[in-house]
Amino acid sequence: QVQLVESGGGLVQAGGSLRLSCAASGAIVRINDMGWYRQAPGKQRELVARSSRGEGIIYADSVKGRFTISRDNAKNLLYLQMNNMKPENAAVYYCNANLLSSYSSRDSDYWGQGTQVTVSS
């Protein structure tokens, strides 16, 4: 089995900062891409930032210059540093990984359970 576990969500005031973490564990052979997505009430899940082996780092336009994604490949960890947060950044943030597990012969997408981020104005 493979698990992605997010942490670091919570309540922050507008202009403040939060750091999200995602730990991937289990029968992992190789992790390709990892990224952060978010879903606000009544909206579709959207990309926030992604670290891709093929395309490098991608950010949603709305978070460029304020959010930073980083990875610790040796420990299968993913981070999202969120600065100068805005009320519209409030959502459930999900960690995603495209990886090869020892239970499969092909790469697959895995998701964490999500962590709530609330931004007060």
Side-chain angles (χ1 to χ4, degrees):
Q1 284 189 339
V2 172
Q3 280 191 317
L4 300 180
V5 179
E6 303 100 334
S7 60
L11 173 64
V12 63
Q13 286 189 330
S17 299
L18 275 179
R19 189 191 194 209
L20 304 183
S21 300
C22 172
S25 63
I28 298 171
V29 174
R30 178 191 69 242
I31 299 179
N32 302 314
D33 300 354
M34 294 189 80
W36 290 98
Y37 291 74
R38 66 187 178 192
Q39 187 167 19
K43 295 188 176 182
Q44 290 188 336
R45 191 172 297 188
E46 63 178 2
L47 171 70
V48 177
R50 189 164 188 86
S51 174
S52 169
R53 287 185 181 271
E55 301 175 13
I57 292 179
I58 300 169
Y59 291 101
D61 287 343
S62 62
V63 306
K64 285 180 181 177
R66 299 186 298 116
F67 290 13
T68 303
I69 188 172
S70 60
R71 286 171 70 169
D72 183 337
N73 291 322
K75 298 181 179 179
N76 292 339
L77 296 171
L78 181 71
Y79 303 101
L80 184 68
Q81 177 66 43
M82 303 185 289
N83 297 329
N84 189 21
M85 297 189 69
K86 303 178 180 180
E88 55 263 39
N89 299 144
V92 177
Y93 282 69
Y94 297 91
C95 176
N96 168 267
N98 179 269
L99 59 84
L100 178 67
S101 80
S102 59
Y103 293 105
S104 177
S105 59
R106 60 183 179 89
D107 299 334
S108 299
D109 277 331
Y110 292 83
W111 293 89
Q113 81 288 350
T115 184
Q116 178 70 51
V117 171
T118 304
V119 184
S120 64
S121 57

Student: To the closest 0.5 Å, what do you measure between CZ (Arg19) and CG (Asn83)?
Tutor: 11.0 Å
Student: Residues two or more places apart in sequence or in another chain: which of them pass salt bridge (charged side-chain N to carboxylate O under 4.0 Å, His left out) with Lys64?
Tutor: Asp61
Student: Which pairs pass disulfide bond (SG atoms under 2.5 Å apart) with one or both residues in residues 49-93, sequence neighbours excluded?
Tutor: none
Student: Under a single-linkage definition using a 4.5 Å side-chain heavy-atom cutoff for Ile, Leu, Val, Met, Phe, Trp and Tyr, are Trp36 and Val92 assigned to the same hydrophobic cluster?
Tutor: no
Student: Name all residues meeting the ring-ring contact (aromatic ring centres under 6.0 Å, His included) criterion together with Tyr37; count only those two or more places apart in sequence or in a different chain, and write none if there are none.
Tutor: Trp111
Student: Would Asn98 and Asp33 count as a side-chain hydrogen bond (donor to acceptor under 3.5 Å, both in side chains) here? Give the steps.
Tutor: CA-CA 5 Å; Asn98 179 269; Asp33 300 354; over 6 Å; no
Student: If we only count heavy atoms from C-beta on, is the Val5 to Ser25 side-chain gap below 4.5 Å?
Tutor: no
Student: Examine Leu80 and Ile57 and state if one hydrophobic cluster contains both, with Ile, Leu, Val, Met, Phe, Trp and Tyr joined whenever side-chain heavy atoms are less than 4.5 Å apart.
Tutor: yes
Student: When clusters are formed by joining ILVMFWY residues with side-chain heavy atoms under 4.5 Å apart, either directly or through shared neighbours, do Ile69 and Leu20 land in the same one?
Tutor: yes
Student: Just wondering, more than 12 heavy atoms not from Gln13 lying within 6.0 Å of its CD?
Tutor: no
Student: Return the set of residues passing side chain to side chain contact (heavy atoms under 4.5 Å, CB included) with Glu55 (not counting sequence neighbours), or none when no residue passes.
Tutor: Ser52, Ile58
Student: Are the side chains of Ile31 and Asn73 in touch, meaning some heavy atoms are under 4.5 Å apart?
Tutor: no
Student: By salt bridge (charged side-chain N to carboxylate O under 4.0 Å, His left out), which residues pair with Arg30, not counting sequence neighbours?
Tutor: Asp107
Student: With the 4.5 Å side-chain cut-off for hydrophobic clustering, are Tyr94 and Val117 part of the same group?
Tutor: no
Student: Kindly indicate whether the side chain of Met82, heavy atoms from C-beta on, has any atom under 4.5 Å from the side chain of Asn89.
Tutor: no
Student: According to the side-chain hydrogen bond (donor to acceptor under 3.5 Å, both in side chains) rule, which pairs have a member within residues 38-49, sequence neighbours left out?
Tutor: Arg38-Glu46, Arg38-Ser62, Arg38-Tyr93
Student: Would you give the length of the straight line joining atom OG of Ser105 to atom CG of Leu100, rounded to the nearest 0.5 angstrom?
Tutor: 8.0 Å
Student: Work out which heavy atom in Met34 is nearest to a heavy atom in Ala97; give both atom names and the distance.
Tutor: CG-CB, 4.1 Å
Student: Determine the minimum heavy-atom distance between Ala24 and Leu4, stating which atoms define it.
Tutor: CB-CD2, 3.3 Å
